[in-house]
Amino acid sequence: MENAEFRKQAHLIVDWIADYLADPSIYPVKSKAKPGEIISNLPDFPPEIEESMDQIFEDFNKLIIPGITHWQSPNFYAYFPANSSYPSVLAEMLTAALGTQCMKWETSPAAAELEECVVNWMKKMTGIPENFHGVIQDSASSATLVAILSAREKSSHFSINDQGFNSQNFRVYCSSEAHSSVEKAVKIAGIGKNNLVKIPVDNEFRLLPEKLIEAIETDLKNNLKPLCVIAALGTTSSTAIDPLKSIASICERYKIWLHVDAAYAGSALILPEYRWMIEGIEQIDSIVFNPHKWLFTNFDCSLYFVKDLPALLNTFSILPEYLRTSNQGKVNDYCDWGIPLGRRFRALKLWFVIRNFGTSGLQKKIRHHIKLANEFMSWILEDGRFEIMAPLTLNLICFRYNPGNMSEEKLNELNENLLFRINIKGKIYLSHTKLNGKYTLRIVIGQTSVEKKHIEKSWRNILECLAEYENIQ
Ligand SMILES: *Cc1c(COP(=O)(O)O)cnc(C)c1O
């Protein structure tokens, strides 16, 4: 492709993007593609000769878009959002154009120093103390793995990195509601899934500190070594907030690494009225949260903050001759702050977002989402036929249809069918979880462009699906 052609195509694509983001709700929010349907329309062999952008782009519209689930649609309420915004998309265009590989300071000094700047800004915005060191990772899963590996190395005096495992009998603790990434990290870190202790929760799905103490005491009696606790600020099923202060003092007493998984809820820390969630933060060792979930910075962008920087660097830094630079030790070489060597320039989009919204603009949006969620919950309660399954802590409402006089089994079946009906229509997209074995519908109101008119329509849609379902019963 020649530069003139690139310019022409880039303008066309920008126009497409602007149209798309103006109203992604013209598409069915959840793709209706069947397994294998998309690939069956793609050629088995790559093209031998060049194809024009016009052809390629036509196929993008014809073959790819039908298999896309529209995460930027205001009708997307499933999982947790991976929301985005105009400044973020603009920055990603520049990131792609620069195509820098930001492994070391020298490979793009501005990328490293902008990263340092934005993670420091984020500390001020969220109340994470100044003595923490921040870095951008690809995902919360990686960040939690980084935390567990750092804890493992610090605890073993950095010997496992050198010699491998030698029956250290490590134990890791999290609540029974913690995210699956904890189990994955424990497996990868060589600790073993059987050494992940799931601590029971209270009736609001928060870790019970006294049960944590019990588990630690039992393990100590059995000559097992408590290594790390992962506290959840905002569980994935119901955004339950573990009691950080109590957990932190337990970890301090037993000298256990405390990592905080605030992947979703961390964005709400920019609101002073939610800072209570991190009471006790001075005593923790590390925390992760994802601006790519609820801070309008498109996937991927995950912030990891750690107190003991030497422990992090001693765990991950590795220096073959071909990576040696003259600035060694004087600058931040972020490849030593995590798992991959190669790193995207993720700081740019966060910088664009923070500047273009301003802190107050970001706060306004998050508060707006929380307000909409409270309104939505009030409609569910007013209706009388539904049950709220977990406290509303932020903007995730857990609910189910429960007209009374039905067995739990029947209720599970009914709500599963109801969700299927809602999603197959393609007007809105919700997801589910199980809380205490009960099938629960989850609606998260956190899309960048979601407004009251969208949630009103969504509520009507849910009621219509319910009426249809009851009619055929
Ligand atoms: C989404 C989520 C994760 C995983 O995040 P990734 O960035 O996709 O790895 C971990 N923990 C919690 C609580 C989450 O909600």
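Order of listing sets the numbers, starting from 1, for every ligand and every atom in it. The basis for the numbers below is simple: all heavy atoms, side chains too, and nothing from hydrogens, waters or symmetry mates. The shown structure was predicted, so the numbers you read here are calculated from the model rather than taken from an experiment.
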For this session: Identify the two heavy atoms, one from S237 and one from T433, that lie closest to each other, and give their separation to 0.1 Å.
Result: OG-OG1, 2.6 Å
Seminar exercise, completed: All heavy atoms of C301 vs all of L350, minimum pair found to be SG-CD2, 4.2 Å
Exercise. L430 pairs by side chain to side chain contact (heavy atoms under 4.5 Å, CB included) with which of I397, V29, I443, L418?
Worked result: I443
If we only count N/O pairs under 3.5 Å, is [X] in contact with ligand 1?
| X | value |
| --- | --- |
| S142 | no |
| A140 | yes |
| S302 | no |
| Y264 | no |
| S181 | no |

Problem set entry | Distance-only donor-acceptor check, side chains T393 and T239, under 3.5 Å | yes
Problem set entry | Side-chain donor-acceptor contact under 3.5 Å, N298 with S88 | yes
In the protein, what heavy atom is nearest to [atom], and what distance, to one decimal place, separates them?
| atom | value |
| --- | --- |
| atom 9 (O) of ligand 1 | S141 OG, 2.5 Å |
| atom 11 (N) of ligand 1 | D261 OD2, 2.6 Å |
| atom 15 (O) of ligand 1 | K293 NZ, 2.9 Å |
| atom 4 (C) of ligand 1 | H179 CE1, 3.4 Å |

Exercise. Is the Lys NZ or Arg CZ of K293 less than 6.0 Å from the centre of Y264's six-membered ring, within 45° of the axis?
Worked result: no
Problem set entry | Quiz item: cation-pi between R367 and Y274, 6.0 Å / 45° | no
Exercise. Are any of the side-chain heavy atoms of R346 and D138 separated by less than 4.5 Å?
Worked result: yes
Exercise. Would you say the side chain of R343 lies within less than 4.5 Å of the side chain of V135, judging by non-hydrogen atoms?
Worked result: yes
For this session: Report yes or no: does a heavy atom of A232 sit under 4.0 Å from some atom of ligand 1?
Result: no
Atoms in ligand 1 flagged as close to [X], the criterion being non-hydrogen separation under 4.0 Å:
| X | answer |
| --- | --- |
| G234 | 13 (C) |
| H292 | 7 (O) |
| A263 | 2 (C), 3 (C), 10 (C), 11 (N), 12 (C), 14 (C) |
| T236 | 12 (C), 13 (C), 14 (C), 15 (O) |
| F80 | 15 (O) |

Problem set entry | Proximity to ligand 1 by part of T235, non-hydrogen separation under 4.0 Å | neither
Problem set entry | Expected output: side-chain K123 to main-chain E130 donor-acceptor under 3.5 Å | yes
